Amino acid sequence: MTPPERLAYIETFGCQMNERDSEIMAQLLAGRAYRQTSDLKAADVVVVNTCSIRGKAEQKAYSLLGRLRRLKANKPSLVVAVTGCVAQQEGQGLIDRMPHVDLVVGPQHIYRLPELVAEAAAGHRVAVAQSDAFVIPPFLPDLASGSSYKRFVTIMQGCNNFCTYCVVPYTRGREVSRGFGDIIAEVEHLARHGIREITLIGQNVNSYGLDQPREARRTFPELLRAVAEVEELRRVRFTTSNPKDLSDELMACFAELPKLCSHFHLPVQSGANAVLKRMNRRYTIETYLDRVAGLRRARPEVALTTDIIVGFPGETDADFAATMELIETVRYHSAFSFKYSDRPHAKSAAFPDKVAEEVKGERLTVLQARQQEITEERNREYEGTVLEVMVESEAANRDGQWAARASSNHVVNFTGPGPYTPGQLVSVHIDEACAHSLRGRIACLTC
Ligand code: 5AD
Ligand code: SF4
């Protein structure tokens, strides 16, 4: 007899690593007859896949857990699982503090989720967190659900860098690379089933392979080249990289591999060397700018984006001015910027000279306003050009616009006779730059 169908609700906070982990958990639960639902009240299992990178992200997860307490009071059979970085950070403590939480599962243990859910349904509350001998198992993704043309592929987990503000080395653990052959097998499997764009993901992809013995080591540029060779693929992206590890060999990939998209996310965090030093970033602004110049030599049209923290402990007005100067120098296509927040375990939580919340807020407003102007100036540079874009939407919207994405990662909305299929590459003439996207019309009427 087939078991009755049950419903799983998965809420994902945070980065692409978590998004991919949620897809994996959905697939594993589907293997035990759990169908996904978007109706929280109907769920038999709720998975809260948490992020703790900044204080705000963590608060969002706790606010959902607060709602779940009331839900579980009315439905005691509900299984509540907390996964992701807060799970790792808090471990058993969460079970002790929150009686309505049944499972706490760190990122290295998601593959055990179905078995743990079965235990929880039988009344056993369990917390499992990091283990030392962690290996990312081979795993072929489900093609029945999810995007029909683009996917994330995890290539490594964890981080060894210990930037002083960052919780990641404590939540995701030390760097663990996935096997080269497993990654290529997954990419080939996806490509054979219609996937046209792959984003290789990891906290610090430039260190891929460095945790392997020297004789067996394959580097990130080698991996990129092998992925780009998969015939049916049209585009390859990756994220995220620490600028200190951006090698000449990786830059050369931008000159050599046409499938590698013209976008590089290169988090700078601060424009002041004194702050970078206290952040333990292990590069200076001079070396950062040198890497930027090298990338632009290899691929002149590359669009650069970044992450910036304002109000790191001890950040002076002059330090902040240096960050403002940096964004004028680099002219990023866009930037994610954040107010510094203390994180558990992170060294900077104990640093003196904390910057007042009000000052952080003012700095963030100034930075974001100027960056938005630069983003719009950058977007205007595309007006009058023709871009190759990958179609993202199934159909045109009410204004006859199709959604697509350029190699530079810009969203491009365009008109054309259609129909187009998601994953198709077409050429678009850009007529207008908007605040967050580009607009145009099909350039090649035979497409
Ligand atoms: N406070 C503020 N921002 C942070 N980030 C990481 N840790 C912190 C923190 N403690 C930002 C960094 C990183 C991005 C993912 O989140 O800019 O690149
Ligand atoms: Fe955190 Fe630094 Fe590692 Fe990025 S490189 S995950 S900021 S410790």
Side-chain angles (χ1 to χ4, degrees), residues 12-21 49-61 84-86 88-89 107 152 156-172 199 201-207 238-246 263-272 275-276 278-283 285 288 291 304-315 319-320 322-324 326-327 330 332 334-357 359-365 367-368 371:
T12 311
F13 298 97
C15 65
Q16 291 100 334
M17 297 294 285
N18 269 12
E19 276 182 50
R20 178 70 196 122
D21 284 353
N49 194 5
T50 59
C51 168
S52 70
I53 189 88
R54 293 174 296 276
K56 241 187 181 168
E58 191 172 335
Q59 280 156 24
K60 282 191 205 159
C85 292
V86 177
Q88 181 60 48
Q89 189 180 290
F152 293 130
M156 64 182 305
Q157 284 257 20
C159 184
N160 292 351
N161 285 330
F162 292 93
C163 300
T164 52
Y165 53 81
C166 190
V167 73
V168 166
Y170 308 97
T171 57
R172 290 268 168 182
T199 304
I201 58 172
Q203 256 85 31
N204 188 23
V205 291
N206 290 340
S207 309
F238 60 83
T239 195
T240 300
S241 328
N242 185 314
K244 78 175 173 47
D245 300 319
L246 205 183
H263 172 218
F264 206 117
H265 185 64
L266 198 57
V268 68
Q269 312 299 0
S270 169
V275 176
L276 290 175
R278 273 180 286 122
M279 286 177 163
N280 191 32
R281 291 292 284 176
R282 290 183 276 172
Y283 54 82
I285 283 303
Y288 181 90
R291 302 282 89 184
L304 291 179
T305 58
T306 200
D307 291 344
I308 294 172
I309 298 175
V310 297
F312 186 77
E315 184 188 72
D319 293 331
F320 176 65
T323 300
M324 292 301 292
L326 178 81
I327 68 168
V330 179
Y332 293 103
S334 70
F336 299 96
S337 44
F338 313 100
K339 283 194 275 184
Y340 167 80
S341 56
D342 283 341
R343 306 307 299 130
H345 309 290
K347 262 194 175 165
S348 61
F351 285 4
D353 304 326
K354 292 280 162 57
V355 175
E357 272 310 305
V359 175
K360 285 190 222 170
E362 282 162 12
R363 289 181 185 167
L364 192 67
T365 306
L367 178 84
Q368 291 184 335
Q371 179 56 48

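In listed order, ligands and their atoms are each counted from 1. Bear in mind that the values here come from a model prediction, so they are computed numbers and not experimental data.
With respect to the salt-bridge test (charged N to carboxylate O, under 4.0 angstrom), the residues Lys360 and Glu315 do not qualify. The existence of a salt bridge linking Arg278 and Asp353 is excluded, since no basic side-chain nitrogen approaches an acidic carboxylate oxygen closer than 4.0 Å.
At a 4.0 Å heavy-atom cut-off, ligand 1 touches Tyr165 through backbone and side chain alike. Residue contacts with ligand 1, taken as heavy atom pairs separated by less than 4.0 Å, involve Ile309 solely via side-chain atoms from C-beta onward.
Remark: side-chain polar atoms of Thr199 are not paired, donor with acceptor, to backbone N or O of Phe152 under 3.5 angstrom. Using a distance-only test at 3.5 Å, with no hydrogens or angles considered, a donor-acceptor pair links the side chain of Asn280 to the main chain of Phe162.
Taking only nitrogen or oxygen atoms, main chain and side chain alike, Tyr340 does not reach within less than 3.5 Å of ligand 1.
Short contacts between ligand 1 and Arg343, defined as distances under 4.0 Å to a heavy atom of the residue, involve ligand atoms 10 (N). Which parts of ligand 1 touch Arg54 is read off a 4.0 Å heavy-atom cut-off, strictly below it: atoms 2 (C), 3 (N), 4 (C), 8 (C), 11 (C), 14 (C), 15 (C), 16 (O).
With no hydrogens or angles considered, a side-chain donor-acceptor pair links Asn161 and Lys244 at under 3.5 Å.
When the options Lys360, Gln203, Lys56, Gln269 are ranked by their closest heavy atom to atom 12 (C) of ligand 1, first place goes to Gln269.
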